[in-house]
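All values below come from the heavy atoms of this structure, side chains included, with hydrogens, waters and symmetry mates left out. As the structure is a prediction and not an experimental result, all values here were calculated from the model.
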Amino acid sequence: MRVTAAVLDRPGEPFVLRDVELGPPRPDEVLVRPTAVGICATDLEFATFFEAPAVFGHEGAGIVERVGDQVTGIAPGDHVALSFTSCGHCRPCLTGSPGYCTRFDALNFSGRRPDGTSAVSMAGTEINAHFLGQSSFADHVIAPARAVVPIPKDADLTLAGPFGCGFQTGAGGVLNVLRPSPGSSIAVFGAGAVGVAATLGAVLSGCTTIAVVDLNAERLATARSLGATHGVPGGDGAAGDLRSIAPDGFDFAVDTTGHAAVLRTAVEVLGPLGTCGVIGVGPSEEMTFDWRSVLNGRTITGIIGGGAVPQVFVPELLALHAAGRFPVQEIVTHFPFERIGEAVDAARNGTAGKAVLTF
């Protein structure tokens, strides 16, 4: 079938709406018509170097149109969010940690199905797609069933997409991995969509000191309005400000920035036995720490996908949102799909906490 997709013709160039061909779903796949898709920093980061032409997008939500004959538990007409995919057979998958699937990179970042094919072609030639199991910058998507999350039909489909990645990642990093006890202290570095979700996870956990660090004053104000107890301007003075807030160090820290210098600060402001969750994918390829930073019982742990099973955690987060306890709509700005360039600019410059394209 012919569909419209936002295609990256060359790394670093803007996305361009083009007609492409989408093959039918295979026995283990699902055809979804997205109603909305969030723009994630991971899309923008990979678009700077990924082999093109390619279709990105991995925070889709929409309505199922067709399912393969091996798919169970999903039917045409179902409302779904889309998330990452996994093999389903390795030890991490079988023990409830699909974000740490031993084939995660191959299945989510190769641009191809496991057999090397692509469901998307342009001018008769297959192009890279299947990004994080979906490539949902398009008005129709082929996704493996393991990437599909059925959600209630009363959930807002124009908001549900980011629950499959950014919101799940931030909130799950706190609720599923760090698991702070009520009364704990936490420092969250970065007040974008993932950082806001982590902040809301800290609120839900009963943390009584929640310090959010960011260079953007408006983002800090938003974090404060959503439950952060302190907003700390990023930069050279951040470490001193954080030490004045928690003189004995924080129990937990979360880095959503991917900057080595920020992560170093996140570790250094921990107290004894503190834990830092590393969530951000950013410009720094390496991290370095003074050995004293980790000797005092501190732990540094990487977090993918919020340590969640999406089919369980995404509906839980949506239920919290429906109850008014996870008000992420406060940071969402919607853009029509044809204005993807404007939405990307807003995501990059921070004027939109979470830019979401609508179809």
Without swapping roles, check the side chain of Thr102 against the backbone of Cys90 for a donor-acceptor pair under 3.5 Å.
-> no
Here the pair of heavy atoms bringing Phe137 nearest to Ile39 is CZ-CG1, 4.0 Å
Give a yes or no answer on whether the side chain of Gln134 reaches the backbone of Ala147 with a donor-acceptor pair at less than 3.5 Å.
-> no
Which residues share a salt bridge (charged side-chain N to carboxylate O under 4.0 Å, His left out) with Arg339, sequence neighbours left out = Glu342
Pick one: which of Val232, Val188, Thr222 meets side chain to side chain contact (heavy atoms under 4.5 Å, CB included) with Val212?
-> Val188
Under 3.5 Å donor-acceptor, Ser205 side chain and Cys207 backbone = no
Show the numbers, then the answer: is there a side-chain hydrogen bond (donor to acceptor under 3.5 Å, both in side chains) between Arg146 and Ser86?
-> CA-CA 7 Å; Arg146 285 187 63 82; Ser86 54; 2.8 Å; yes
side-chain hydrogen bond (donor to acceptor under 3.5 Å, both in side chains) partners of Thr85, counting only residues at least two apart = none
Would Val294 and Ile300 satisfy side chain to side chain contact (heavy atoms under 4.5 Å, CB included), going step by step from the backbone distance to the final call?
-> CA-CA 8 Å; Val294 294; Ile300 304 167; 3.8 Å; yes
Please assess Arg179 against Thr275 for the test side-chain hydrogen bond (donor to acceptor under 3.5 Å, both in side chains), listing each intermediate value before the final yes or no.
-> CA-CA 10 Å; Arg179 298 184 179 183; Thr275 300; over 6 Å; no
Rounded to the nearest 0.5 Å, what's the gap from CG on Leu204 to CZ on Phe326? Could you check?
-> 7.5 Å
Using the side-chain hydrogen bond (donor to acceptor under 3.5 Å, both in side chains) rule, take Thr95 and Arg91 through it: C-alpha gap first, then chi angles, then the decisive distance, then the call.
-> CA-CA 6 Å; Thr95 53; Arg91 184 176 181 84; 5.6 Å; no
For Pro180, does its backbone N or O pair with a side-chain atom of Ser184 as donor and acceptor, under 3.5 Å?
-> no
side-chain hydrogen bond (donor to acceptor under 3.5 Å, both in side chains) partners of residues 290-306, not counting sequence neighbours, each pair once | none
To the nearest 0.5 Å, tell me how far Ile303 CD1 sits from Thr256 OG1.
-> 11.0 Å
Does atom CE of Met122 have more than 12 heavy-atom neighbours from other groups under 6.0 Å away?
-> yes
Thr209 side chain to Ser185 backbone, donor-acceptor under 3.5 Å = no
Please find out if less than 6.0 Å separates the ring center of Phe313 from that of Phe163.
-> no
Separation between CG of Leu82 and NE2 of His58, rounded to the nearest 0.5 Å | 11.0 Å
Working to the nearest 0.5 Å, report the span between CE of Met1 and CZ of Arg66.
-> 8.5 Å
Step through it carefully: locate the ring centre of Phe131, locate the ring centre of Phe109, and say whether they are under 6.0 Å apart.
-> yes
Name all residues meeting the side-chain hydrogen bond (donor to acceptor under 3.5 Å, both in side chains) criterion together with Thr199; count only those two or more places apart in sequence or in a different chain, and write none if there are none.
-> none
Can you tell me how far CZ of Phe84 sits from CD1 of Ile304, rounded to the nearest 0.5 angstrom?
-> 8.5 Å
Presence of salt bridge, Lys354 and Glu59, under 4.0 angstrom | yes
Are the side chain of Glu126 and the backbone of Ser118 linked by a donor-acceptor contact shorter than 3.5 Å?
-> yes
Do Phe359 and Phe337 have ring centres separated by under 6.0 Å?
-> yes
Taking Thr257 for the side chain and His259 for the main chain, is one N or O donor matched with an acceptor at less than 3.5 Å?
-> yes
Ionic contact status for Asp248 with Arg243, cut-off 4.0 Å | no
N/O donor-acceptor pair under 3.5 Å between Thr265 side chain and Ala239 backbone = no
When rounded to the nearest 0.5 angstrom, what distance separates CD1 in Ile245 from OG1 in Thr229?
-> 7.0 Å
Pick one: which of Val32, Leu157, Asp78, Val80 meets side chain to side chain contact (heavy atoms under 4.5 Å, CB included) with Ile63?
-> Leu157
Over 12 non-hydrogen atoms of neighbours within 6.0 angstrom of CD in Glu218 | no
Could you tell me whether a side-chain N or O of Glu29 sits under 3.5 Å from a main-chain N or O of Arg26, the two making a donor and an acceptor?
-> yes
Which residues pass the side-chain contact (heavy atoms from CB on, under 4.5 Å) test with Pro114, sequence neighbours left out?
-> Arg103, Leu107
Counting only N and O atoms by type, is there a donor-acceptor contact under 3.5 Å from the side chain of Asp43 to the main-chain atoms of Phe56?
-> no
Can you name the residues that form a salt bridge (charged side-chain N to carboxylate O under 4.0 Å, His left out) with Glu13, not counting sequence neighbours?
-> Arg10
